[in-house]
Amino acid sequence: MHVLVLGGTTEARALAGLLHGRVRVTSSLAGRVASPRLPVGEVRIGGFGGPEGLAAWVREHAVDAVIDATHPFAERISFNAARAAATAHVPLLALRRPGWVPGEGDDWRSVASLEEAARALDGLGDRVFLTTGRMGLAAFAGCPQWFLVRSVDAPDTPMPARTEILLDRGPFTLDGERELLARHRIDVVVTKDSGGAATSPKLTAAREAGLPVVVVRRPPVPSGVPVAATPEEAAAWVATG
């Protein structure tokens, strides 16, 4: 059996480890990160050329099942995967870590997009900790606030005029996030609902400091695609396929 894992996430790497030695696994990475953490097994890097290219690759390499374990906000590849799987007549599973849920004391402002997040900043403070990644900075380019932008690689897109770049990769610690918020005198945090534990300490630190958090809701999984919440569930799906 040959399983194609559309990866780049912690869950995708864990899934490749669970499947390695049991079935043939190929992990596909988009190539947007300069030095990605590679999973075990076969790895390909780069795009497929849209859903038609992905379907052709699936047929050419005799793929029996596809697992979309990309980032929860990788909307385009998820919909391409759904179209490609339907075209190639192979089963598709989405592996999605559960989203974050606000707790007592949290001051979250839920928005549907980065553009809406930029508009939501009015009146929340002048110093923003922006943790939405480097790809969507253009949505904030016209904002007057000062931004601390944390990303794995340096941004190369339009960004706010008052910006400091912090290159770093999770997982992050609660003590580290507390210190960061205090040192930079942060007034408000902006994040995507990525879920998972690697980057969640910033939410706890924001709650402790009484800071508002603007949270961008994740896009839906394509209609009709089954969802697994953990690598173990996804591995069980492969075993029964």
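Along the sequence shown, residues are numbered consecutively beginning with 1.
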Taking only Lys NZ, Arg NE, NH1 and NH2, and the carboxylate oxygens of Asp or Glu, determine whether E52 and R83 approach each other closer than 4.0 Å.
yes
Can you name the residues that form a side chain to side chain donor-acceptor pair (under 3.5 Å) with R96, not counting sequence neighbours?
D68, S78
Counterpart residues, ring pair (Phe, Tyr, Trp, His ring centres under 6.0 Å), relative to F147 (two or more places apart):
F140
Is the shortest side-chain heavy-atom distance between F129 and L211 below 4.5 Å?
no
Show the nearest heavy-atom pair for residues A120 and V111, with the distance to one decimal.
CB-CG1, 4.2 Å
So does S194 get a backbone contact from the side chain of R218, meaning a donor-acceptor N/O pair under 3.5 Å?
yes
Using atom types as modelled, flag every donor-acceptor pair under 3.5 Å from a side chain in residues 55-62 to any protein atom, sequence neighbours excluded.
| unit_1 | atom_1 | unit_2 | atom_2 | d |
| --- | --- | --- | --- | --- |
| R59 | NH2 | T87 | O | 3.0 |
| H61 | ND1 | W57 | O | 3.0 |

Indicate if F73 and V149 have the same hydrophobic cluster label, given that clusters are the connected sets of ILVMFWY residues with side-chain heavy-atom separations under 4.5 angstrom.
yes
Please report the shortest heavy-atom distance between P201 and A197, naming the atom on each side.
CD-O, 3.5 Å
Distance from T157 atom OG1 to M135 atom CE, nearest 0.5 Å?
7.5 Å
Is there a side-chain contact between L174 and E208 (heavy atoms, below 4.5 Å)?
yes
Check: R44 side chain, G46 main-chain N or O, donor-acceptor pair, under 3.5 Å:
yes
With side-chain contact (heavy atoms from CB on, under 4.5 Å) as the test, pick out the partner of V3 among V23, L15, D64.
V23
Pair L19-M1, side-chain contact (heavy atoms from CB on, under 4.5 Å): steps then yes or no
CA-CA 11 Å; L19 296 179; M1 184 178 189; over 6 Å; no
If you look at every heavy atom in R22 and A239, which pair is closest and at what distance?
NH2-CB, 4.1 Å
Nearest 0.5 Å, what's the NE2-CG distance between H20 and L18?
12.0 Å
Residue pair V213 / A206: nearest heavy atoms and the distance that separates them
CG2-CB, 3.6 Å
Given L167 and S151, is the side-chain contact (heavy atoms from CB on, under 4.5 Å) satisfied, shown in steps?
CA-CA 5 Å; L167 299 182; S151 64; 3.9 Å; yes
Using side-chain contact (heavy atoms from CB on, under 4.5 Å) as the criterion, point out the one residue from T132, L180, I165 that pairs with R150.
L180
Applying side-chain contact (heavy atoms from CB on, under 4.5 Å) to I67 and V238, what does each step give before you reach the verdict?
CA-CA 9 Å; I67 299 179; V238 170; 3.6 Å; yes
With the side chain counted from C-beta on, respond yes when T26 and H2 share a heavy-atom pair under 4.5 Å apart, and no when they do not.
yes
Distance col, row T173:OG1 vs K202:NZ, nearest 0.5 angstrom, shows 13.5 Å
Between A118 and A139, the two heavy atoms sitting closest are CB-O, 3.5 Å
With a cutoff of under 4.5 Å between side-chain heavy atoms, which Ile, Leu, Val, Met, Phe, Trp and Tyr residues group with F172?
none
Residue list, side chain to side chain contact (heavy atoms under 4.5 Å, CB included) with T10, at least two apart or on another chain
R13
Rounded to the nearest 0.5 Å, the CG atom of L29 sits from the OG1 atom of T70 at a distance of 11.0 Å
Mind checking whether T131 and T199 have side chains closer than 4.5 Å, heavy atoms only?
no
Do T204 and R178 touch side chain to side chain, with heavy atoms closer than 4.5 Å?
no
Does I77 share a hydrophobic cluster with V5, counting links as ILVMFWY side-chain heavy atoms below 4.5 Å and allowing steps through other members?
no
Within one Ile-Leu-Val-Met-Phe-Trp-Tyr cluster: L181 and L166, side-chain cutoff 4.5 Å
yes
L137 versus L130: any side-chain heavy-atom pair under 4.5 Å?
yes
N80 side chain to G50 backbone, donor-acceptor under 3.5 Å:
no
Does a side-chain heavy-atom distance below 4.5 Å link Q145 with D122?
yes
Please check: side-chain N/O of W146 versus main-chain N/O of A161, any donor-acceptor pairing under 3.5 Å?
no
Side-chain heavy atoms nearer than 4.5 Å, only ILVMFWY residues, links allowed to pass through others: does that put L121 and W108 together?
no
L92-L54 co-clustered via ILVMFWY side chain contacts under 4.5 Å
yes
Would you say that D187 contacts L124 through its side chain, given a criterion of any heavy-atom pair below 4.5 Å between the two side chains?
no
Side chain D193, main chain W100, donor-acceptor under 3.5 Å:
yes
Rounded distance (nearest 0.5 Å) linking atom NZ of K192 with atom NE2 of H71
6.5 Å
Qualifying salt bridge (Lys or Arg N to Asp or Glu O under 4.0 Å) pairs with a residue from residues 228-241, counting only residues at least two apart or across chains:
none
Enter the distance from L95:CG to L93:CG here, rounded to the nearest 0.5 Å.
7.0 Å
Given side-chain contact (heavy atoms from CB on, under 4.5 Å), test V214 with V128 step by step and report yes or no.
CA-CA 10 Å; V214 178; V128 183; over 6 Å; no
Kindly give the heavy-atom pair with the smallest separation between E42 and R24, and that separation in Å.
OE2-NE, 2.9 Å
